[in-house]
Amino acid sequence: MSNGTSSGRRPVGVRIAGTGSALPARSLTNTDLERLMETSDEWIVQRTGIRSRRIIDRSKGESTSQLAGEALKAALADAHLSPTDLDLVIVATMTAEMSCPASASLVVNHIGAGQCGAFDLTAACSGFVYGLNIAHDLIRGGAYRTVGLVGADTLSNLMDYSNAGRSTAIIFGDAAGAVVLKATDDTSKGVIAQAMHSDGPGWKEIYVPRCVQDFPEGVAPDESKYEHVQMNGASVFKFAVGTFPKLIEETLAKANVKPSDVDMYVCHQSNQRILTAARERFGLAEDKLYINIDRYGNTVAASVPLCFDELKKSGRIREGAKVMFVAFGGGLTWGSSLWQL
Ligand code: COA
């Protein structure tokens, strides 16, 4: 058990000491998309709840690691800490600029975090929530005291903004969100219950092919699809609608708490209909399950920390609250992290 006692260390709690986020300057509205492909604002809003999203402009220096660095800087400022206080930086992303170095290394360089540990974690939209569990347990176990965790993605680079890609391109936006996790003597603070799951055979529901061999059996390889997200929207929708409530139920049962005991559900913003269905399933009040997908679309690993930062900044989540983070996505993967703040 990683509670810090097995090695004779004092037990530690974990607190979320600061939050931050970063968004590209450029907006891509549904009206903009109407000019690029055969679609309509009405169709997009009705099926997804999305009205606008932000996308990076590489020529202006915006990128996954640049957004990640800005978000982490903001979280450090919020925590009244400096970059050199960090022992470790983890970036959850599926859109690192390069396969080497990791985005986390570029972030360490960008913010001047010295020689702390740095690595990326790839679990698509579930990446940040997986990261919360991992970073938490590393601190709880006593090995690290201050960890910067970022969720950052720029899927605009992997979109086909033509008719051929219209069922996918309308969904995704670019962003980064970050938290700084810190050891505390208050052992009541930290993760109460967590879950991390995957469905290997489901990999073919969302993938980004790079060569002929990457296409699943039964799908004709097509060069025009290289480096573009291929998503079976209807299957993913079905998976999400079924998995989401089960994941919340599993996490509540592990923690032995009722749905209404949780002060806020911070959920991956995949589709407004999926979020609303989950809210209704548990009879949650509207203000207990936050939704900002209308403004930013699905920002993959960034969506959960972006919501969390907005909720913290607006005072809707305070110290002492119980907060459940929930996400699902490519892999297929899904995960939760229930916190006592
Ligand atoms: N504008 C207008 N029409 C569109 C369109 C668009 N952007 N994209 C697809 N269509 C059309 C299709 O061509 C199809 O037309 P047809 O019936 O004449 O063949 C019709 O709309 C229905 O297409 P379909 O793909 O079945 O739509 P849908 O109702 O499943 O909605 C999604 C598509 C992507 C919005 C929906 O499946 C979804 O939200 N899935 C979950 C995606 C998700 O959450 N992904 C992230 C996981 S982390």
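As a basis for the values below, the full set of heavy atoms in this structure was taken, side chains included, without hydrogen atoms, waters or symmetry mates. Atoms within each ligand, like the ligands themselves, are counted from 1 in listed order.
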Among all protein non-hydrogen atoms, which one is nearest to [atom], and what is the separation to 0.1 Å?
atom                    : answer
atom 25 (O) of ligand 1 : Ser167 CB, 4.5 Å
atom 46 (C) of ligand 1 : Asn298 ND2, 3.4 Å
atom 42 (C) of ligand 1 : Met231 CE, 3.7 Å
atom 43 (C) of ligand 1 : Val236 CG1, 3.8 Å
atom 29 (O) of ligand 1 : Arg47 NH1, 2.5 Å
atom 39 (O) of ligand 1 : Asn271 ND2, 2.6 Å
atom 35 (C) of ligand 1 : Thr48 CG2, 3.6 Å

Would [X] count as being in polar contact with ligand 1, using the rule that some N or O on each side must be under 3.5 angstrom apart?
X      : result
Arg166 : yes
Arg273 : no
Gly233 : yes
His268 : no

Using a 4.0 Å heavy-atom cut-off, say whether [X] meets ligand 1 through its side chain, its backbone, both or neither.
X      : value
Ile171 : side chain
Ile44  : neither
Ser270 : both
Thr39  : both

The test is side-chain hydrogen bond (donor to acceptor under 3.5 Å, both in side chains); show your working for Ser337 and Asn133 and say whether it passes.
CA-CA 6 Å; Ser337 195; Asn133 292 333; 2.7 Å; yes
Heavy atom of protein inside 4.0 Å of [atom], strictly below:
atom                    : answer
atom 14 (C) of ligand 1 : no
atom 48 (S) of ligand 1 : yes
atom 27 (O) of ligand 1 : yes
atom 21 (O) of ligand 1 : yes
atom 32 (C) of ligand 1 : no
atom 18 (O) of ligand 1 : no

Do [X] and [Y] have a side chain donor and acceptor closer than 3.5 Å?
X      : Y      : answer
Thr154 : Ser156 : no
Glu97  : Ser65  : yes
Asp85  : Thr146 : no
Gln272 : Asp294 : no
Thr93  : Asp153 : yes

Evaluate whether atom [atom1] of [X] has more than 12 neighbouring non-hydrogen atoms of other residues, nucleotides or ligands under 6.0 angstrom away.
X      : atom1 : result
Arg51  : CZ    : no
Asn256 : CG    : no
Arg316 : CZ    : yes
Arg279 : CZ    : yes
Lys313 : NZ    : yes

Contacts of Glu250 that satisfy salt bridge (charged side-chain N to carboxylate O under 4.0 Å, His left out) - sequence neighbours left out:
Lys254
Are Phe239 and Trp334, when compared by the centres of their aromatic rings, separated by less than 6.0 Å?
yes
For atom 10 (N) of ligand 1, state which one of Trp43, Trp334, Phe328 supplies the nearest heavy atom.
Trp43
Test item, Ala234 contacting ligand 1 (heavy atom, 4.0 angstrom)
yes
Under 4.0 angstrom from ligand 1, any heavy atom of Glu38?
yes
Heavy-atom side-chain contact between Asp137 and Gln194 under 4.5 Å:
yes
Which ligand 1 atoms, with their elements, are less than 4.0 angstrom from a heavy-atom of Gly329?
48 (S)
Proximal ligand 1 atoms for Phe237, defined as those under 4.0 Å from one of its heavy atoms
38 (C), 39 (O), 40 (N), 41 (C)
Ring pair (Phe, Tyr, Trp, His ring centres under 6.0 Å), that's the test. Do Tyr290 and Tyr265 meet it? Break it down for me.
CA-CA 7 Å; Tyr290 189 61; Tyr265 292 81; over 10 Å; no
